[in-house]
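Only one structure is covered here, and it is reproduced in the block below.
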2 protein chains.
Amino acid sequence: MTQLLSTAPTATRGDEDAVQNNHAFDNGAKGREAIHAGQSLSSLFVGSAAEAVAAGKAIWWEGDKNHLVQVEEGVVRLLRIIGEGRRVIIALQFAGDLNGASLQNDFLFTAEAVTKCKIRRISHMSFHGEVARSNALARAYLSLLCQEAAASHEQMVLLPKKNAEERPCSFIVKLAFRRNPRPRQGPLRVSMNRQDIADHLGLTIETLAHTVTKLASRNIVIPEGRHDLRNVNLARLVRLSGDTDDFSEDFCQRVNLNTRDKPRD
Amino acid sequence: MTQLLSTAPTATRGDEDAVQNNHAFDNGAKGREAIHAGQSLSSLFVGSAAEAVAAGKAIWWEGDKNHLVQVEEGVVRLLRIIGEGRRVIIALQFAGDLNGASLQNDFLFTAEAVTKCKIRRISHMSFHGEVARSNALARAYLSLLCQEAAASHEQMVLLPKKNAEERPCSFIVKLAFRRNPRPRQGPLRVSMNRQDIADHLGLTIETLAHTVTKLASRNIVIPEGRHDLRNVNLARLVRLSGDTDDFSEDFCQRVNLNTRDKPRD
DNA sequence: CGTCGTATTGACGTGCCTCAACCCAGGTGG
DNA sequence: CCACCTGGGTTGAGGCACGTCAATACGACG
């Protein structure tokens, strides 16, 4: 993750979720490679018709026959529901992301539009046909699968080991890095509602609200309406996000020296 | 997961962890396909020398240059350590499993031998060379990646949504199904220590011990020494494991009717 | 401007973690 | 062969972080 802080194309922020980016924002700007993978696989979708999906509508259901979908505009949530109303948001996807790639037969989770979306679909068969025919695509495909795996692993660290403060901080940081590999303090759009975020972070909406309020009272974020943050203090968020091993060296040293006392703001 | 209960090769239990099985026991007996994938990829490793690894020793470290490893004997844990001594066991692997497949450059996690192990390594390059040359291998490889993804997703459901009772139950069930697609009440070897299990389930060892004690007092499992369970009552464990949507129909109905009250033994 | 669904706030309860004492198995040396 | 030692495991008491519940506020629509 260190490369996130290195020099990089300072893409000025485009409109909401219109920037080209790759899989499940968990991967944020995981390097040029990732973006390249997304772009080259994108070419497979140009032939198929764009499809508009209203906010809240399902794109596919768990158990449906597998095909591939690329998100062209909007935000999509991938989720599983287990008995008794428990819901888990496996991943959130943005423009440029594609899914269905890591599945063989049926979908193991449902995909729903968080916002109004534009998507394109291609069949499992034609996808694999094309990929088999091109080395470049095969590499891109592999790269995509690897990113998904990495994202899953990060989530597996977040869920059991981060507390109710660290999780929202991680979330905001990833959201910020996703659209810009070198973000600064600045406004940030949060398209999904609290329930979606909570279900992704393994918290309740109330706990989430409590944390956000506390962050706001320390001027680390300034909420504005339900879907925007003004003046996100990323440096402090990063420190509060619990990824102590992931960042600049001096920071790591500081953290590792006073073990068990994570630095407060 | 329904197919787990259907007719299947009733592989009589071989010796500890010697049965052929595929990736990260999370996938248990995920179907013939899976096992086939593991077996055909295994052929790539026959050329390389078997390597003995003592219990507790690392097989590779997070950040090492990527290569592939197949576990031939023993149990391996894949883990990440984040600051301040927090440890997460991403997955546990058994004989036949292989790893490194979902990585492009460096390892994102460490692998350590839980028990005395025998492993074989091959280079990233030679692996991908072989896979590129054979359609069968490419399919097997893809299948493997998909299984890993599915396992990750399951873990992402377990961690935030299952409680301190359901998690150990899920764990024992998976352990039982891993070696035998149609297990009955019977003895079960648990090679790893409590800390490993706890770190995999996102619990503390104390909480884990409390749960196991409670299960024992209800005769659902009967611990025998530190590494064995006698007379595992799988039917009840399944019911307690919180995967309410995964099993036989009448059971599902029973569960869904009285919402919120999961059936007690 | 009124209505409804979403979000916030705060009081309260509880499930898991923390901490500390104890137990037990396995290894080692007398 | 037994006493001791050591490290992993268990048990139980107590605290706290997060969940639950309920009341209120907000913001997006008509």
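Quick caveat: nothing in here was measured; it's all calculated off a predicted structure. Proteins get letters first, then strands, A, B, ... in listed order; numbering begins at 1 in each.
- A salt bridge (charged side-chain N to carboxylate O under 4.0 Å, His left out) check over residues 199-213 of chain B, counting only residues at least two apart or in different chains, returns the pairs A:K161-B:D199, B:R87-B:D199.
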Exercise for the section: Any chance you could list the contact pattern along nucleotides 9-15 of chain D? Use B for base contacts, S for sugar-phosphate-only contacts and - for none, protein heavy atoms under 4.0 Å, 5' to 3'. Expected result: SSBB---
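- In this structure, the ring-ring contact (aromatic ring centres under 6.0 Å, His included) partners of B:H153, at least two apart in sequence or on a different chain, are A:F109.
- D:dC26 atom C1' lies 14 Å from atom CD of A:E224, rounded to whole Å.
- Summary of helix geometry: the two end axes of the helix from C:dC1-D:dG30 to C:dG30-D:dC1, each defined by five base pairs via their C1' atoms, are inclined to each other by 30° (rounded to 10°).
- For B:D228, the salt bridge (Lys or Arg N to Asp or Glu O under 4.0 Å) partners are B:R189, not counting sequence neighbours.
- Rounding to the nearest 0.5 angstrom, the gap separating the CD atom in A:Q155 from the OG atom in A:S170 is 9.0 Å.
- Residues satisfying the salt bridge (Lys or Arg N to Asp or Glu O under 4.0 Å) test with B:R77, not counting sequence neighbours, are B:E112, B:D196.
- Among residues two or more places apart in sequence or in another chain, the salt bridge (Lys or Arg N to Asp or Glu O under 4.0 Å) test is passed with A:R230 by A:E224.
- Under the rule for a salt bridge (Lys or Arg N to Asp or Glu O under 4.0 Å), A:R194 has no partner lying at least two apart in sequence or in another chain.
- Residues satisfying the side-chain hydrogen bond (donor to acceptor under 3.5 Å, both in side chains) criterion with A:T207, sequence neighbours excluded, are A:T204.
- Proximity of A:T204 to the phosphate of D:dC18: no side-chain N or O atom is located under 4.0 Å from OP1 or OP2.
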